[in-house]
Amino acid sequence: MRGYQNYKTQSINTMTKGELLLLLYDELVKRLIQAELALDKKEFESFEASVQRGIEIITYLDDTLDMKYEVSHGLTKLYEHFTYELGRAKIGRNPEPLGRVKKMVSELRDAFREAQKTGDSGR
């Protein structure tokens with residue numbers, strides 16, 4: 001098991017910033033899907049843990065923004081909105097804000113993925 005953990009750590013350490021960003025967005029979408037499934041099954045502890053992990057990922061994404069770029073200011077506002085909506089979903093065990101955030105995060109992830117492809121093809 002230790003060998004696998006070392007492999008994972010090494011893989012992450014050799015990723016580009018773009019690859020790491022996509023990995024975080026993939027994990028965020030995964031957690032939001034898990035939250036939806038848990039809520040459907042009324043597994044509230046799992047639901048809350050998945051939403052909380054999503055909020056932690058969003059906080060990390062926000063904390064790592066380089067504010068010298070104008071797009072970062074827009075992303076900060078978007079991340080604040082995501083956090084607010086997920087808080088509403090968690091407190092009220094409400095699937096609507098969760099679904100809205102998942103949709104927006106998925107679209108943002110797809111946009112970053114497309115930008116990564118465009119950037120890679122320019123090399």
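Connection of I58 to Y60 is established within a shared hydrophobic cluster, with ILVMFWY side chains joined at heavy-atom distances below 4.5 Å, either directly or through further cluster members. Under the 4.5 Å side-chain heavy-atom criterion for Ile, Leu, Val, Met, Phe, Trp and Tyr, L28 and L20 are members of distinct hydrophobic clusters. Linking ILVMFWY side-chain heavy atoms closer than 4.5 Å, directly or via other members, places Y79 and M104 in a single hydrophobic cluster.
Counting only residues at least two apart or on different chains, the side-chain hydrogen bond (donor to acceptor under 3.5 Å, both in side chains) pairs with a member in residues 67-77 are D62-T76.
The side chain to side chain contact (heavy atoms under 4.5 Å, CB included) test applied to L21 returns Y25, L61, F112, not counting sequence neighbours. When the side-chain hydrogen bond (donor to acceptor under 3.5 Å, both in side chains) test is applied to Q52, the partners found at least two apart in sequence or on another chain are K90. Qualifying side chain to side chain contact (heavy atoms under 4.5 Å, CB included) partners for D110, counting only residues two or more places apart in sequence or in other chains: R113.
Counting all heavy atoms, side chain and backbone alike, I57 lies closest to E27 at CD1-CG, 3.6 Å.
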Could you list the donor-acceptor pairs under 3.5 angstrom formed by side chains in residues 33-51, with sequence neighbours left out?
unit_1, atom_1, unit_2, atom_2, d
E36, OE1, K102, NZ, 2.8
E48, OE2, R93, NH2, 3.3
S50, OG, S46, O, 3.1

What side-chain donor-acceptor pairs closer than 3.5 Å can you find for residues 94-101, not counting sequence neighbours?
unit_1, atom_1, unit_2, atom_2, d
N94, OD1, E96, N, 3.0
R100, NH2, E85, OE1, 2.7

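Distance OH/Y84 to CD1/I55: 12.5 Å, rounded to 0.5 Å. One finds the CG atom of L22 at 8.5 Å from the CZ atom of R109 (value rounded to the nearest 0.5 Å).
With contacts defined as side-chain heavy-atom distances shorter than 4.5 Å, the pair L65/M67 qualifies.
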